[in-house]
Amino acid sequence: MSGGREWGERGLGEALARVSRRGPRAASTTLPPPRASDWTGKFTGRSPVALRPRTEAQAAAALARCAARRLAVVPQGGNTGLVGGGVPLHDEVVLSTTRMVGVTRVDAAAGVVSARAGTTLAALEAAAAAAGLTIPLDLGARGTCAIGGNVATNAGGARVVRYGTLRSTVLGLDALLADGTRLDLTRPLRKDNTGYDLKQLLIGSEGTLALITGVTLAAPRATVAPALAYLACPTWAAVQDVMGLARARLGEALAAAEFVDAASVALATAHLSHVSNPFPSSAAPYFVLLEAAGVDGDHDAAKMERLVGEAFATGAAVDGVASAAGARPAALWALREGVPVALRHAGACYKYDVSLAVADFEGLVNECQKRATAARGDAVAVGYGHLGDGNLHLNVSHPGPMDARVLAALEPWVYEAVAAARGSVSAEHGIGLAKASLLPLSKPRPAIDLMAAIKVAFDPEWVLNPYKVLPADAARAGAAGGRAGAG
Ligand code: FAD
Ligand code: 2HG
Ligand code: ZN
């Protein structure tokens, strides 16, 4: 038999008893995708069992039983993560939140919403919208990713330019420690200076410190009638000029500032039938997507139109469309959000999610293209991302399976180049499995040692997502120290 099993709450005891009777490594079965693989298909591991508790009490019981048997556990939400953080590697138990769903509070007057961890981002946005609020986070995986997973990854997305990252909008968290003990950090206070902020440690901890079971967010009033502009820019300097104009002219109404390059547009239109190119004959190398959304739609649309006029007048844009105030124009967002989906269809994909000075984006993509082409003639480098946040999504794509020559041409060069520019090797997707060994490029050694010490404080037996985030040497030292300390 090749397929592992998924167990609901009734099978929990039996499932764990089986795994521990055989010992996790002796398990002869492994779960089929999607639970043992990630969305990109790049990371595949092994797990004999996925637990899908329906209640927090069942999740706590599952954790307690796993801890008692020293079984490693991988928390999993929607499994849309892009760095392999939710993938079991060596027979860890998968603890999925997909049944722990439901919006538990929508307080329009206070601007606060709460939900259980497995609630999808789309479901949370729908509940907030019904009360005239909006969720300060939006990303292409909204229909599948879970709010617990979003917080665990400190997900970025298209609204950071306006609302900041989740760190600034999470008001409360409910969580379970590795042994099932509840950590109640749920007081939804906007101000709370009572010492160390443990909830901030859990945000972005990628399942290594605790299982997040509930999330409370500050939800701003829904804005009305976003106005959109899509501008074709003749140079990278022009892109930066448009960004400057957007900040200056849209001010607080600026709701999104994204960019795609011509290679991204070609890829998305080639692979996705629902995506079209607004300027099929344009020779422009870059396109900027701006959204303005405030409290007065007509005013925002007027500001956007003035911005577009100014961009044309200064030569920062050579083509453009500006939508009047109205529904969020789906076609332009489909183009931008379609790029990672098209990359998944196109064949092999080498994915780099980095932060660096916007001025340096073009040079990095061009150098990447040179290196990729030298390794393989049909490899294409595409650059797109969150312009307003200094977050470049640099991907290299070619038909067929991954090619060791391309990989060798790109890594570690790309990460070293980002580190040399004092950028971050992970802007928004996290560290997970993919980048654990790269952490020293973005964090000094004392910081990594402190991270390992924090891991031990939360999870002395090192059973929560043990192969993720920390580099192997820090993990080994931390795990050994933790066990010794735990006596
Ligand atoms: P999972 O993939 O299930 O898990 C991710 C990590 O969090 C793992 O380490 C897991 O162990 C941990 N985890 C999950 N749930 C919990 C929990 N309840 N408690 C503790 N740990 C937990 N990301 C961005 O930042 N910005 C984007 O714009 C963006 N766009 C995307 C577009 C597409 C098409 C796709 C496929 C992905 C995109 N992502 C983006 C990546 C991904 O959607 C985010 O990282 C998302 O927050 C992951 O949520 P999830 O529920 O799928 O988590
Ligand atoms: C996006 O912004 C996502 O579209 C995915 O963060 C980026 O896969 C990528 O490169
Ligand atoms: Zn992104």
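Just so it is clear, the model here is predicted, and its values are computed rather than measured.
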Chemist: Would you say the side-chain atoms of Asp353 and Asn391 include a donor-acceptor pair closer than 3.5 Å?
Modeler: yes

Chemist: So does Val260 get a backbone contact from the side chain of Ser264, meaning a donor-acceptor N/O pair under 3.5 Å?
Modeler: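 No, the answer is negative, given that no donor and acceptor are paired below the 3.5 Å cut-off.
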
Chemist: With the threshold set at 4.0 Å, does a side-chain nitrogen-carboxylate oxygen contact exist between Arg116 and Glu56?
Modeler: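 Yes.
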
Chemist: Assess, by modelled atom type and distance only, whether the side chains of Glu428 and His393 contain a donor and an acceptor separated by less than 3.5 Å.
Modeler: yes

Chemist: In terms of side-chain geometry, is the basic nitrogen of Glu206 or Lys468 positioned less than 4.0 Å from the acidic oxygen of its partner?
Modeler: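 Answer for the salt bridge query: no.
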
Chemist: Mind checking whether Phe287 and Tyr230 have parallel, tilted or perpendicular rings, split at 30° and 60°?
Modeler: parallel

Chemist: Do the rings of Phe259 and Phe361 sit parallel, tilted or perpendicular, given the 30° and 60° boundaries?
Modeler: tilted

Chemist: Ignoring hydrogens, what is the shortest heavy-atom contact between Ser437 and Pro471? Give both atom names and the distance.
Modeler: CA-CB, 4.4 Å

Chemist: Roughly how far, to the nearest 0.5 Å, is the CZ atom of Arg162 from the CG atom of Asp138?
Modeler: 13.0 Å

Chemist: Are a donor atom and an acceptor atom from the side chains of Thr98 and Ser96 found within less than 3.5 Å of each other?
Modeler: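 Distance-only check passes for Thr98 and Ser96.
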
Chemist: Parallel, tilted or perpendicular for Trp236 and Tyr286, by the 30°/60° rule?
Modeler: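 Perpendicular.
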
Chemist: Does the side chain of Asp459 reach to within under 4.5 Å of the side chain of Leu209, using non-hydrogen atoms?
Modeler: no

Chemist: About how many Å separate CG of Leu470 and CG of Asn465, when rounded to the nearest 0.5 Å?
Modeler: 11.0 Å

Chemist: Quick one: do Asp192 and Arg187 make a salt bridge, cutoff under 4.0 Å?
Modeler: no

Chemist: Salt bridge or not for Arg142 and Glu125, using N-O below 4.0 Å?
Modeler: no

Chemist: Just wondering, more than 12 heavy atoms not from Lys443 lying within 6.0 Å of its NZ?
Modeler: no

